[in-house]
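Have a look at the structure below before the remarks.
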2 protein chains.
Amino acid sequence: MRGQDKSQTRKKVGAEQVSLSDAGQRLRIRAAWMYFIEGKTQSEIADTLGVGRVTIVRLLAEARRRGEVRITIDAPLVELTELERALECRFGIEQAFLAPVSDAGDDPTPAIAAAAGTFISQVMRPGMTVGTGWGRTLYTSLPHIHGRILDDVRVISLLGGIAQARRFNPAEFAWQFAELFGGDGYLLPAPALVDSPETRQALLERCGLAEVFAMADGLDMALLSVGGISRQTTTYRVGHLSEAERRSLIDAGAVGDLLYNFIDADGRVIDHPINARVISVDLPRLQKTPQRVLISGGRDKHAALTGALTLIAPTVLITDEVTARALLDG
Amino acid sequence: MRGQDKSQTRKKVGAEQVSLSDAGQRLRIRAAWMYFIEGKTQSEIADTLGVGRVTIVRLLAEARRRGEVRITIDAPLVELTELERALECRFGIEQAFLAPVSDAGDDPTPAIAAAAGTFISQVMRPGMTVGTGWGRTLYTSLPHIHGRILDDVRVISLLGGIAQARRFNPAEFAWQFAELFGGDGYLLPAPALVDSPETRQALLERCGLAEVFAMADGLDMALLSVGGISRQTTTYRVGHLSEAERRSLIDAGAVGDLLYNFIDADGRVIDHPINARVISVDLPRLQKTPQRVLISGGRDKHAALTGALTLIAPTVLITDEVTARALLDG
DNA sequence: CATTCGGATGAGCAAATGTTCTGACATGAC
DNA sequence: GTCATGTCAGAACATTTGCTCATCCGAATG
């Protein structure tokens, strides 16, 4: 609109019109200067320049529209903030936390874990019931969590454990997490992956697991991470998945898992017989959880994260800078 | 205050405190980003970040105080605006107009004249009574004045004329100026400089000049310029001033003149016999004029301008970029 | 010279912003 | 444990800002 005004105005005569136009620009820059640089109020400027306050409003708006006023944020980590905001807007996340990484080739897990620990420390409140998955990232975040006694905290494992004893048992995350806040931990006393659908049904129906799952309906927060499907990923390493199964899942389109529910890059749970052998909370059930926190990052999880973002629509995403860029580019 | 807070806060423990401090910074940058870059309102940001709106106010103020938010005006002529504002603040001027000069060595008179013409064109209103000096700058501004018929305009010459006929008679400025607006011009039918105090008295008291001066009490605006005291200045060139007089004035401390009232750099009218022979309005009288416009520039007038700024405290100053810098530096 | 039109201007209102005061909370000292 | 201390968040108010509509002015036109 203003641009049209300009051209219409300009085709008049020469000298006076030009000078009036200059005067307009002069006034605009002057108003912008006094407002943004000197910090005067619009009323003051209006009085000084001898025009109405409304005119100042218009001049300032025009100056901003023309880009004559440039506002930049100059602070450490501001690029992270920009990325975070981009993620939030793109994926409908309430809050994204990005851990800075110094070297793009590094494993981002420690950084993500630290960020996750900080976040969890701040968000925990008395009376909370938290559901958790497990994995290396979550486990690594334990030392970063500022534990303190909070009344009535309950932590529920959303996924079965592993049989194999290991030095670091990621599956114990829920337990240790509960301890940090003096709360009760509810583990799923079962493998994440059992031999057959029948075993699964038996466990669920006749061994008390259903009760634990029922508690998942009342969760205040769920802490989840995704697994990739490469050979390095926890799922594979802890021995739950054979190479044949892995291939078969990949062939079926899987790019990773969310509580051992294998998903594709579009956020769909793939159709595969292994589903009937997994002991984990239903993903649709988690949708009712008000705070869904997705904590993951790393080169081999980009596709899985993309899917997970669609599938569970997390309210909070904690990942690293490099992964964030990949998610936004993809 | 905040700095003290910081130091007091920091001396607590390590990890948590650092992370809380980081969280504060994170929140601040995030608020600044959402406010200044994304243009959200403070309420929206408060809701998104889960804090009170007042906190956002504080975060934004803190970010600005720390200089994390940088606002720059990026437009042509913005440096001029900055200079103008500096002049206004330093010398208590309502409005300074600076003409841009391409080459610092050039004579700035044409540029100043153009700016003066634009200003005068805009400021003229029906019913105005304007007092004027004369000089090359004012005369040169005539072609830049957008003349139009305004009711009841009166233009009064504040200074006597020159005897010598010249191709361009600067002393006729008042007359030509009045014509541009269809108003009445009142020239002082007398030389600016007469031979003796007695002649001056005779003219004032018995030749009707006093009446013209009396009109100067009701001026709405005075257009003034200063003269330097170099050999090139109008005062000297039109033959009013002999070389001996010029020397004598310089010895007495004169750096230039304002309506042939010779002044020093501190803005005092110097004590000199020539004063008793000048036919001009008293400078103190001009102080009552609501709009005092000082129009001058050029290398040889810096000192005179400095004095004039003090002496008549103009409400409007029209000069050039180079002179402006000199005034601010001096 | 009257007319008409576009753009600029000012009053009044609604929204946003800034400030001040009060109370809650955490912390450290006794 | 109690108390002083200082920090921080929130309610209420004052100010500033943004917007809309009615109006006015000036320029182009017939």
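Throughout, protein chains are lettered first and strands after them, A, B, ... in sequence-line order, and every chain is numbered starting at 1. Note that these values count all heavy atoms, side chains included, but never hydrogens, waters or copies made by symmetry.
With rounding to whole Å, Leu150(A) atom CG is found 11 Å from dA26(C) atom P. A straight line from CD of Glu62(B) to P of dT19(C) spans 14 Å, rounded to a whole angstrom. Atom C1' of nucleotide dG26(D) and atom CE of Met124(B) are separated by 18 Å, given to the nearest angstrom. Taking atom CZ of residue Arg28(B) and atom P of nucleotide dA9(D), one finds them 13 Å apart after rounding to whole Å. Protein atom CG of Asp47(A) is 15 Å distant from nucleotide atom C1' of dT9(C), rounded to whole Å. Across the protein-nucleic acid pair, Leu59(B) atom CG and dG18(C) atom C1' stand 14 Å apart, rounded to whole Å.
Taking Arg292(B) as the reference, nothing meets the side chain to side chain donor-acceptor pair (under 3.5 Å) condition, with sequence neighbours excluded. Every residue two or more places apart in sequence or in another chain that forms a side chain to side chain contact (heavy atoms under 4.5 Å, CB included) with Glu94(B) is listed here: Gln291(B), Thr315(B). Looking at residues two or more places apart in sequence or on another chain, you find a side chain to side chain contact (heavy atoms under 4.5 Å, CB included) between Thr129(B) and Arg154(B), Ile156(B), Leu219(B), Asp220(B).
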Taking distance alone, no hydrogens or angles, what donor-acceptor pairs closer than 3.5 Å link side-chain atoms of residues 39-47 of chain A to residues at least two apart or in another chain?
residue: Thr41(A); atom: OG1; partner: Glu44(A); partner atom: N; Å: 3.3
residue: Glu44(A); atom: OE1; partner: Thr41(A); partner atom: N; Å: 2.9

Polar atom pairs (N or O), protein with nucleotides 17-21 of chain D, under 3.5 Å:
residue: dT17(D); atom: OP1; partner: Tyr35(A); partner atom: OH; Å: 3.2
residue: dT17(D); atom: OP2; partner: Gln42(A); partner atom: N; Å: 2.7
residue: dG18(D); atom: OP2; partner: Gln42(A); partner atom: NE2; Å: 2.6
residue: dG18(D); atom: N7; partner: Arg53(A); partner atom: NH1; Å: 3.4
residue: dG18(D); atom: O6; partner: Arg53(A); partner atom: NH2; Å: 2.8

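Taking the six-membered ring wherever Trp is involved, the centroid distance between the rings of Tyr139(A) and Phe173(A) does not fall below 6.0 Å.
Within the structure, side-chain hydrogen bond (donor to acceptor under 3.5 Å, both in side chains) pairs that include any residue of residues 72-83 of chain A comprise Asp74(A)-Arg70(B) (at least two apart or interchain).
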